[in-house]
Structures are given as C-alpha cells and as structure tokens.
J.: 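First the structure, which I've put down as structure tokens, then a few questions once you've had a look.
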Amino acid sequence: MISFFKKKDLKEINLVNEFTWLKDLQSQKNYLAEESIDKRLNEIKDIHKFLKSDNGQKLLKSIYDEMINFGFPEYSSKIELNLLCEIFLPKTLDDIFYNPSNGLKNSFDNGSFKQSVVINNSYGYLIAPKGLVLIIGSANTILPVITSTILSYISGNVTVCQLSKSNSKIISKFIDSLPSKCSDFFHFTELDHNNENDNRCLLEMLKTIPWDVINVWGGEEANNFYYSNSIDNPNRPQILNMEPLTGVVLIQASYLKSNLDKVTKELASSITEMGQQLCSSPTEGYIINDNNKETDIIFFENLVQNIEKYYFDFNDFETNYFKLDRMITYAQDNNSKVFISKKHGNKISIIKSNNTSVFESISDDISLSIHKRRNFLELIELDLFSKIFDKIMKINKKNSHKEIKKIQTILVFGDEKFFQNTCELAKKIGAYRVVDSEYIFKRHPFESLDGKHLVNEFTYHISLIGSLPFSDKKKSSI
C-alpha cells in the first residue's frame with residue numbers, strides 16, 4: 001500500500017504583516033536622528049532614580065521571580081540585576097559616553113554631550129546613529145542584551161531584539177516598564193529556529209530588512225547562523241559577533257605562598273561566578289613554579305573548601321556527572337592528582353597536572369565540554385612562564401574547549417613583574433582582558449567588549465571638512 005506524505009502547511013511570508021514596525025521604520029529613524037544624544041542620555045540617567053523607588057524595586061523583584069521560575073540560579077540572578085542597575089547610574093553612563101578609551105572624550109562639553117566636535121579650523125565631525133540595529137540575545141543571561149539595547153537607543157538607533165523563549169518576556173517586560181519613551185523604538189521578536197515557519201521568517205528577515213548592524217550574543221552555532229544568512233543582505237550590515245570565548249588563570253607560585261588565603265578565596269569566587277559559564281570564567285589554569293617548589297597540597301584542598309561556600313546546585317543533566325566521573329578517573333589513571341568535595345562529590349573538582357594538560361588526548365566520549373561542567377578547574381604546574389604560550393594556543397584543540405575561538409580574560413595572581421609578563425602574553429595570544437577577581441563578571445565602564453566599544457559600533461562620524469562655518473572659537477550649532 002502506497003502512503004503519501006502530507007504537504008506541510010507553510011504560510012506565506014509577509015514581513016510587513018509580521019512586523020508592523022516596518023511601516024514606521026524610516027520615520028522612527030528620522031525622529032531619532034533629529035533628536036540629540038544628550039537628550040536621550042539624560043532620559044536614561046533618570047531611570048536609575050526610578051529603579052531605586054518603590055515601583056522600581058517592585059519591578060526588579062518581579063523580574064527576579066520570573067528569572068528564578070525560568071531556572072536562572074538565585075545567586076547569579078541577584079548579581080545580574082545588581083549590575084543591571086549599575087548600567088543606569090549617571091556616572092556609569094557618563095563614563096561610557098565620555099570615554100577617553102573610545103575617543104568620545106572630545107564630546108564632553110561642560111556636562112553635556114556635544115554631538116558635533118571641532119578639531120581645528122578645517123576639520124570637525126558629527127556623531128550620527130548607524131540607523132537600524134538587530135541584537136541577538138543568548139538564552140542564559142539578560143544583561144548583555146539590555147546593555148546593548150540601551151546603548152543602541154542612546155546612540156540614536158531603532159533596535160530590534162531577537163530573543164529566546166527563556167528570557168524574551170523577562171527582557172521585554174523590563175524595557176516596557178521603564179519610565180522612558182525608549183520602548184517605542186525597541187521591537188522584539190521570538191522566532192524559533194526549530195519551527196519551520198519561524199525559521200523561514202527569520203531567514204527572510206536577515207536577508208531583506210536593511211540592517212546596519214547585527215550584534216550577536218551567542219555560541220558558535222548562533223554566530224555562524226546569523227553571519228551566513230545575512231551575508232547576501234544588499235545593505236551589507238556590519239556583523240558584530242561576540243564570539244564564544246573563555247578565561248584562564250595564571251598564578252605565580254611565590255606569590256601564592258605569601259597570599260594563600262587571598263588567592264584561594266578569590267579564585268573560588270571567580271570559578272563559581274555565574275556557574276562558570278561566562279566568557280571570562282577561568283576554565284584552565286597555570287601555576288608557574290618560580291620558587292622551584294611543588295605547590296603545597298593545602299592550596300588545592302582550601303580551594304575546594306572555598307568553592308563549597310559559593311556552591312549552588314544547578315539542574316544539570318545527570319549524564320554530565322557520569323561523564324565527569326570518567327574524566328576524573330582518566331586524570332587519576334594518568335598521574336594527575338584529583339581533589340573533590342567531601343560535601344558535593346565530583347560536582348566540585350580540581351585537577352593538579354604537571355607540565356601539560358592531562359586532557360589533551362582524551363577522547364570525545366569521555367571529555368565533558370566546558371559548557372556542561374561547573375566548579376571544575378585543571379591547574380597545570382609549569383617551571384617557566386614562557387611555556388604558557390604554547391599551552392594556550394592549543395587550548396581549543398582539546399575536546400573540552402573545541403568551540404572556543406580564543407581567550408577573552410586572563411585572571412592573574414602575581415607580583416608586578418609577573419603582571420608585566422602576563423600583559424606581554426596577552427598581546428601574543430590576542431586576549432581582550434587582564435583582570436583581578438573583581439572583574440570576572442563585572443565590567444569597567446571604560447573597557448571595550450571583546451575589543452569593541454559598542455557606542456563606536458552603533459554610531460559613525462560624518463566628517464566636516466574645509467572652509468565651513470565652524471571654528472575652534474565658535475561652537476557649532478549642528
């Protein structure tokens with residue numbers, strides 16, 4: 001008997017019907033282009049007062065409750081919301097927009113943002129918005145998307161956010177509840193790659209809507225998807241990938257000996273921050289034996305005990321821990337020392353290896369990706385600082401790190417000379433940050449994000465050249 005497959009009911013794609021904001025896109029872009037950055041900057045600064053008010057606190061509490069209901073960790077959610085409030089601090093916003101490291105310091109004019117800047121009597125420039133920005137959010141956090149969205153709005157762009165089901169309602173609720181007109185210029189989509197109609201709509205959206213910037217926060221799969229499917233867009237949007245990165249920790253043995261409590265406490269905090277799933281989280285470490293002495297076992301034992309203080313039980317698949325057992329057994333069988341928690345078993349695991357990572361040759365069926373493990377760190381003891389370079393350059397050849405593009409953050413524990421050596425290493429490996437433990441999750445308002453200043457990426461300069469009616473003495477009214 002012949003059976004026939006039913007043709008799938010695929011609806012016709014009409015983006016204007018799907019996204020009604022497309023009808024008003026040009027008028028929204030024109031409105032924001034005509035309004036000054038300074039006006040929007042002051043508008044967003046006022047949000048901090050609201051967040052401190054009773055109504056603002058109620059909003060943050062409801063956002064927190066929804067994050068917990070969706071499975072976000074309690075401890076990490078509190079940290080994320082605290083940092084979210086810091087974004088709206090007037091000083092933080094001033095530091096971002098009058099930032100000497102991104103070239104916007106020239107725009108500071110007696111407490112106001114000067115959109116037109118005069119360099120000399122023959123050259124000046126006007127800071128203008130890119131126009132239309134698409135931001136792709138990752139599922140496990142809300143902070144990066146909200147930060148990008150707010151900075152895009154202040155810069156003068158119409159902004160569209162493509163979000164996952166796990167955080168779309170949380171993010172849109174937060175934005176819509178702010179006492180600001182910014183939500184009028186934000187538009188949210190929740191298109192599911194696994195739904196064929198949604199996927200077709202998403203592909204059409206990427207290829208035909210005249211995006212100026214596409215900012216992707218996600219892993220390798222997401223970055224590849226949005227890059228490859230927007231490459232034929234006739235508007236040639238700038239792709240701003242926040243690629244899958246990771247962190248490492250460098251420890252000077254002589255410094256460790258003199259600062260044992262400090263290093264164990266701060267390293268434990270850094271490992272546990274956001275479930276060790278940040279691009280800055282240390283997922284491999286190196287101890288440089290500059291004193292020619294093997295690191296005392298007490299350091300590893302104290303590190304496990306300090307991690308226990310920060311421990312949070314995640315709803316991870318049990319199969320991950322079966323695989324983790326096999327990794328630990330493999331490490332023990334290959335002459336590495338293993339330190340696990342007496343309270344939580346292998347859910348806290350520190351590996352001590354000599355000269356090379358014990359996991360360099362481990363097979364994929366035993367290895368557990370850094371995205372599927374927590375409270376886990378291999379610390380490799382080396383006799384020379386110079387050996388770190390080769391180890392780091394091969395880190396993504398290991399199955400555990402194969403999705404990682406490069407090192408984002410180097411956490412450093414050492415003296416001034418050790419720090420200088422770390423800075424030289426950072427240049428060679430292309431790292432983006434050298435930090436102390438306070439800045440594993442936290443960001444300095446002056447710093448770039450993976451080498452990119454978002455305000456610079458969301459704006460451009462219109463050059464004003466020659467004998468035009470502006471000069472150093474005469475303030476431009478443009």
J.: For a side chain to side chain contact (heavy atoms under 4.5 Å, CB included) with Phe376, tell me which candidate from Ile348, Leu324, Ile370, Ile307 qualifies.
T.: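 Result for side chain to side chain contact (heavy atoms under 4.5 Å, CB included) with Phe376: Leu324.
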J.: Let me confirm one number: the CD-CG distance from Glu190 to Leu202, rounded to the nearest 0.5 Å.
T.: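 So the CD of Glu190 and the CG of Leu202 are separated by 12.5 Å.
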J.: Enumerate the side-chain hydrogen bond (donor to acceptor under 3.5 Å, both in side chains) contacts for residues 87-98, please, sequence neighbours excluded, ordered by first and then second residue.
T.: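 Applying side-chain hydrogen bond (donor to acceptor under 3.5 Å, both in side chains) to every pair that reaches into residues 87-98, excluding sequence neighbours, yields Lys45-Asp94, Lys91-Asp95.
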J.: Any sub-3.5 Å donor-acceptor pair from Asn399's side-chain atoms to Ser369's backbone N or O?
T.: no
J.: Under a 4.0 Å threshold between the charged nitrogen and the carboxylate oxygen, would Glu204 count as salt-bridged to Arg200?
T.: no
J.: Is the closest side-chain donor-acceptor distance between Thr356 and Glu360 under 3.5 Å?
T.: yes
J.: Without swapping roles, check the side chain of Ser53 against the backbone of Gly56 for a donor-acceptor pair under 3.5 Å.
T.: yes
J.: Using modelled atom types only, decide if a donor and an acceptor are shared between the side chain of Asp198 and the backbone of Leu191 within a distance under 3.5 Å.
T.: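 Judged by distance alone, no pair lies under 3.5 Å.
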J.: Can you check whether Leu59 reaches Phe174 side chain to side chain, under 4.5 Å on heavy atoms?
T.: yes
J.: When you measure from the side chain of Thr409 to the backbone N and O of Arg433, does any donor-acceptor pair fall under 3.5 Å?
T.: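 No.
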J.: Can you tell me if Trp211 and Ser230 form a side-chain donor-acceptor pair at under 3.5 Å?
T.: no
J.: Would you please say whether a donor-acceptor pair under 3.5 Å links the side chains of Glu243 and Asn223?
T.: no
J.: For the backbone of Lys105 and the side chain of Asn99, can you confirm whether one donor and one acceptor N or O come within less than 3.5 Å of each other?
T.: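 Flag not set: sc Asn99 to bb Lys105 has no pair under 3.5 Å.
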J.: Tell me whether Phe419 at atom CZ has more than 12 heavy atoms from other residues, nucleotides or ligands lying less than 6.0 Å away.
T.: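 Not buried by this count: 12 neighbours or fewer within 6.0 Å.
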J.: Under 3.5 Å, is there a donor-acceptor pair linking the side chains of Glu284 and Tyr286?
T.: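 Result is yes, a qualifying pair exists.
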J.: Verify, without hydrogens or angle tests, whether Asn456 (side chain) and Asn102 (backbone) share a donor-acceptor contact under 3.5 angstrom.
T.: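 Indeed, once roles are kept as given, a pair shorter than 3.5 Å links the two residues.
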J.: Can you check whether Ile44 reaches Ser180 side chain to side chain, under 4.5 Å on heavy atoms?
T.: yes
J.: Kindly check if the number of other-residue, nucleotide or ligand heavy atoms within 6.0 Å of CG (Asn69) is above 12?
T.: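 Atom CG in Asn69 is packed in, count exceeds 12.
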J.: With rounding to the nearest 0.5 angstrom, report the CZ to OG distance, Phe359 to Ser336.
T.: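 Here the interatomic distance stands at 6.5 Å.
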J.: Minimum heavy-atom separation for Ser155 to Thr459, with atom names?
T.: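 The answer is CB-CG2, 3.6 Å.
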J.: Under a plain distance cut-off of 3.5 Å, with no hydrogens placed, do Ser357 and Lys391 share a side-chain donor-acceptor pair?
T.: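 No, no side-chain donor-acceptor pair sits under 3.5 Å.
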J.: A quick test of your reading: do over 12 heavy atoms of other residues, nucleotides or ligands sit less than 6.0 Å from CD of Glu221?
T.: no
J.: Under 3.5 Å, is there a donor-acceptor pair between the Asp450 and Gln408 side chains?
T.: yes
J.: Taking all atoms of both residues into account, what is the closest heavy-atom pair of Asn320 and Leu368, and its distance?
T.: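 So the two residues come closest at O-CD2, 3.4 Å.
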J.: Looking at residues at least two apart in the chain, or sitting in another chain, which of them share a side chain to side chain donor-acceptor pair (under 3.5 Å) with Thr283?
T.: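 Once residues adjacent in sequence are excluded, the partners of Thr283 under the side chain to side chain donor-acceptor pair (under 3.5 Å) criterion are Thr246, His401.
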J.: Do the side-chain N and O atoms of Ser101 and Glu447 include a donor-acceptor pair separated by under 3.5 angstrom?
T.: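 Ser101 vs Glu447: no donor-acceptor pair found between side chains.
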J.: Mind listing the closest non-hydrogen atom pair of Asn396 and Lys405 along with its distance?
T.: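 Where Asn396 meets Lys405 most closely, the heavy atoms are ND2-O, 3.7 Å.
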J.: So, Thr159 and Ser152: side-chain donor and acceptor under 3.5 Å apart, yes or no?
T.: yes
J.: State, yes or no, whether a side-chain contact exists between Glu381 and Asn355 at a heavy-atom distance under 4.5 Å.
T.: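 When only atoms from C-beta onward are counted, Asn355 and Glu381 do not touch, as no gap falls below 4.5 Å.
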J.: So Phe188 and Phe186, would you call those rings parallel, tilted or perpendicular, with 30° and 60° as cut-offs?
T.: perpendicular
J.: Taking all atoms of both residues into account, what is the closest heavy-atom pair of Gln252 and Gly414, and its distance?
T.: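 Of all heavy-atom pairs spanning Gln252 and Gly414, the closest is OE1-CA, 3.3 Å.
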J.: Checking side chain to side chain donor-acceptor pair (under 3.5 Å) for the pair Ser281/Gln276: CA distance, chi angles, key distance, verdict?
T.: CA-CA 5 Å; Ser281 297; Gln276 208 177 0; over 6 Å; no
J.: Looking only at side chains, do Lys452 and Tyr432 share a donor and an acceptor under 3.5 Å apart?
T.: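 Lys452 vs Tyr432: no donor-acceptor pair found between side chains.
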J.: Are the side chain of Asn157 and the backbone of Tyr153 linked by a donor-acceptor contact shorter than 3.5 Å?
T.: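 A pair under 3.5 Å: no.
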J.: List the residues meeting side chain to side chain donor-acceptor pair (under 3.5 Å) with Lys262, not counting sequence neighbours, and say none if there are none.
T.: Glu266
J.: Keeping Lys398 on the side-chain end and Ser361 on the backbone end, is there a donor-acceptor pair under 3.5 Å?
T.: no
J.: I need the single residue from Glu301, Glu378, Glu294 that forms a salt bridge (Lys or Arg N to Asp or Glu O under 4.0 Å) with Lys352. Which is it?
T.: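 Single pass found, and it is Glu294.
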J.: Should the heavy atoms of other residues, nucleotides or ligands under 6.0 Å from NZ of Lys165 be counted, would the total exceed 12?
T.: yes
J.: Got Thr295 and Leu256 here, is their nearest side-chain heavy-atom distance under 4.5 Å?
T.: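 When only atoms from C-beta onward are counted, Leu256 and Thr295 do touch, with a gap below 4.5 Å.
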J.: Taking NZ in Lys406 as the centre, count heavy atoms belonging to other residues, nucleotides or ligands within less than 6.0 Å. Is the count above 12?
T.: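 Buried by this count: over 12 neighbours within 6.0 Å.
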J.: Between Phe339 and Phe300, is the gap from one ring center to the other below 6.0 Å?
T.: yes
J.: Please find out if less than 6.0 Å separates the ring center of His187 from that of Phe19.
T.: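 Aromatic pair excluded; centres sit 6.0 Å or further apart.
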J.: Under a 3.5 Å cutoff, is there a donor and acceptor pairing between the side chains of Asn289 and Asp383?
T.: no
J.: So does Gly275 get a backbone contact from the side chain of Arg374, meaning a donor-acceptor N/O pair under 3.5 Å?
T.: yes
J.: Can you spot which of Lys169, Lys61, Lys173 makes a salt bridge (Lys or Arg N to Asp or Glu O under 4.0 Å) with Glu66?
T.: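 By the salt bridge (Lys or Arg N to Asp or Glu O under 4.0 Å) criterion, Glu66 pairs with just one of Lys169, Lys61, Lys173: Lys173.
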J.: Minimum heavy-atom separation for His453 and Phe446, please, with both atom names.
T.: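 Taking every non-hydrogen atom into account, CE1-O, 3.1 Å.
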J.: Atom CH2 of Trp217 and atom SG of Cys161: how far apart are they, to the nearest 0.5 Å?
T.: 12.0 Å
J.: Is the side chain of Ser148 donor-acceptor paired with the backbone N or O of Val145 at a distance under 3.5 Å, no angle test?
T.: no
J.: At what distance, to the nearest 0.5 angstrom, does OG of Ser254 lie from CG of Asn291?
T.: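 CG of Asn291 is found 5.5 Å from OG of Ser254.
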J.: Might you confirm whether atom OH of Tyr227 has over 12 heavy atoms from other residues, nucleotides or ligands at distances under 6.0 Å?
T.: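 Count not over threshold, so no.
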J.: Taking the six-membered ring for Trp, is the centroid-to-centroid distance between Phe418 and Phe385 below 6.0 Å?
T.: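 Centroid separation for Phe418 and Phe385: below 6.0 Å.
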J.: Compare every heavy atom of Lys130 with every heavy atom of Gln238, then report the nearest pair and how far apart it is.
T.: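 The pair with the smallest heavy-atom distance is OE1-NZ, 2.9 Å.
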J.: Does any part of the side chain of Leu15, heavy atoms only, come nearer than 4.5 Å to the side chain of Ile209, both counted from C-beta?
T.: yes
J.: Check Arg40 with Glu43, please: is the shortest side-chain N to carboxylate O separation under 4.0 Å?
T.: no
J.: With rounding to the nearest 0.5 Å, note down the distance linking CG in Leu163 to OG1 in Thr189.
T.: 6.5 Å
J.: Would you find more than 12 non-hydrogen atoms of other residues, nucleotides or ligands less than 6.0 Å from Leu384 atom CG?
T.: yes
J.: Looking at side-chain heavy atoms only, is the closest gap between Leu104 and Ile96 below 4.5 Å?
T.: no
J.: Report yes if the side chains of Ser437 and Ser269 come closer than 4.5 Å at any heavy-atom pair, otherwise no.
T.: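 Counting from C-beta outward, Ser437 and Ser269 never come under 4.5 Å.
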J.: Between Ile239 and Tyr226, is any pair of side-chain heavy atoms under 4.5 Å apart?
T.: no
